[in-house]
2 protein chains.
Amino acid sequence: MSTISERRERERAHRHQLIITAARELAESEGWEAVTTRRLAERVEYSQPVLYSHFNGKDAIVSAVALDGFTELAAHLRRARQSAPGPGQAALRAVCHAYLEFATERPALYQAMFILPTDLKFASSETPPALRAAFDEFVDCFDPDNRRRELYAEVTWSALHGMAVLSDSGRIPPEPQEERLDFLVTQITR
Amino acid sequence: MSTISERRERERAHRHQLIITAARELAESEGWEAVTTRRLAERVEYSQPVLYSHFNGKDAIVSAVALDGFTELAAHLRRARQSAPGPGQAALRAVCHAYLEFATERPALYQAMFILPTDLKFASSETPPALRAAFDEFVDCFDPDNRRRELYAEVTWSALHGMAVLSDSGRIPPEPQEERLDFLVTQITR
DNA sequence: ACGACATCCTAGCAATGCTTGGCATTCTGT
DNA sequence: ACAGAATGCCAAGCATTGCTAGGATGTCGT
């Protein structure tokens, strides 16, 4: 095990991340339909087969982008929650607002995380920690004594996802989003 | 204008619908990724270009399937709502239950309506009446005096859509769906 | 210095959505 | 009744997609 192979390893890891960020940037600037393996290869200045030496296929690349997205989302939600004191309506409102903000400001990333087909395992022990962490930010907005707080979090999350996706695709008008958010939080926290 | 051209017109309309139902059946039995223009053409026993003489492209075919879906959804929701007396929690509960039932029992159709890219115009004057009708079933569950019942309906719909799509893709466990539904309806109706 | 190995690219495959060109058949005007 | 126009339809082809095979080039340990 020479230092040279270590350097190779480093370079390889670096290139791995390069592919992921290139895919993400391309998606964010031109949409996922513009992310083809050819364009992506060109962007990272390697040939197509190199992509496949790093990932099992295009879906795996999307999954990797999504995974990064979950990490960012978790951090974003955490910041929001900690801006409000303790569990309660204020915390939930902050987290929900941050969630919608994330979805509208990074639509391509959000798509990778929640809409596009990915290789990620969700409802299992293989659930990525980042996804669990993001979800927990919702859970932690409710009283720890509340036996059903996980369920509450699931419903809240579902509602936000629906609002994000339906308004982004123009199925509901986007303007009253804030008002919808207010109504949702008010009702959920009785 | 001979009767012959009328017959032609009829046959053409018939074939139009044939394409739509063939696309839907194919999607429902093997998923939308199996719906290719070639397989679809083979199924209706015409050549590919015939599809394009009826529709502007594949997306337009998906849109047509979705449109049929909205009609069915509206009828399904209406039946549910009328099984409960007047506006109120019971009506809303029935409609919400029917919505989730529709989504889980016709996943491919639901996908065409809400997830796949389509040509349909939503938040405009060109909104298909069937979609508006389905939406109104939610609105009619709330008190007519309620100034914000449209907003309530939007939030309810969003939550249901989120629950449907997140549980279908395995992002939240599917079992407690009924419990989530109960919680949602209870909170929304104060 | 040389064989073994890793790295990377050119070229190609099958499948996809969509279009072109031309062949029948049918309709229309005289 | 019949030539020319219009229509309906299909075989074949185009460009693009995700993905892979095979070989060229360089690197490593000995």
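All values below come from the heavy atoms of this structure, side chains included, with hydrogens, waters and symmetry mates left out. Note on naming: letters A, B, ... go to the chains in the order of the sequence lines (proteins, then strands), and numbering restarts at 1 for each one.
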So does Arg12(A) get a side-chain nitrogen or oxygen closer than 4.0 Å to the phosphate oxygens (OP1/OP2) of dC8(C)? no
Do the side-chain N or O atoms of Thr37(B) get closer than 4.0 angstrom to the phosphate oxygens (OP1, OP2) of dG17(C)? yes
Of the listed nucleotides [options], the one nearest the side chain of [X]:
X	options	value
Tyr46(A)	dC9(D), dC8(C), dA21(D)	dC8(C)
Val50(A)	dT19(C), dT16(C), dC9(C)	dC9(C)
Arg38(A)	dC9(D), dC19(D), dG17(C)	dC19(D)
Lys58(A)	dT16(C), dC19(D), dC8(C)	dC19(D)

Note: Glu150(B)-Arg132(B) ion pair, threshold 4.0 Å (strictly below): yes
Look at Arg24(B) together with Glu72(B) and state whether they make a salt bridge at an N to O cut-off of under 4.0 Å. yes
Ranking Pro49(A) and Arg39(A) by the position along DNA chain D of their nearest nucleotide, the one closer to 5' is Arg39(A)
Measure from [atom1] on [X] to [atom2] on [N] and round the result to the nearest Å.
X	N	atom1	atom2	answer
Glu33(B)	dG17(C)	CD	P	12 Å
Trp32(B)	dT16(C)	CH2	P	15 Å
His16(A)	dC8(C)	NE2	C1'	18 Å
Gln48(B)	dA11(D)	CD	P	11 Å
Ile61(A)	dG18(D)	CD1	C1'	10 Å
His54(A)	dT7(C)	NE2	C1'	10 Å
Asn56(A)	dT20(D)	CG	C1'	13 Å
Glu42(B)	dA15(C)	CD	C1'	14 Å

Plane angle bin for Tyr99(B) and Tyr110(B) - parallel if under 30°, tilted between 30 and 60°, otherwise perpendicular: perpendicular
Run the side chain to side chain contact (heavy atoms under 4.5 Å, CB included) check on Val165(A) and Phe114(A) step by step: do they pass? CA-CA 9 Å; Val165(A) 98; Phe114(A) 290 111; over 6 Å; no
When you compare the side chains of Ser169(B) and Arg171(B), does any donor N or O come within less than 3.5 Å of an acceptor on the partner? yes
Give one of base, sugar-phosphate or nothing for Arg15(A), where a contact means two heavy atoms less than 4.0 Å apart. sugar-phosphate
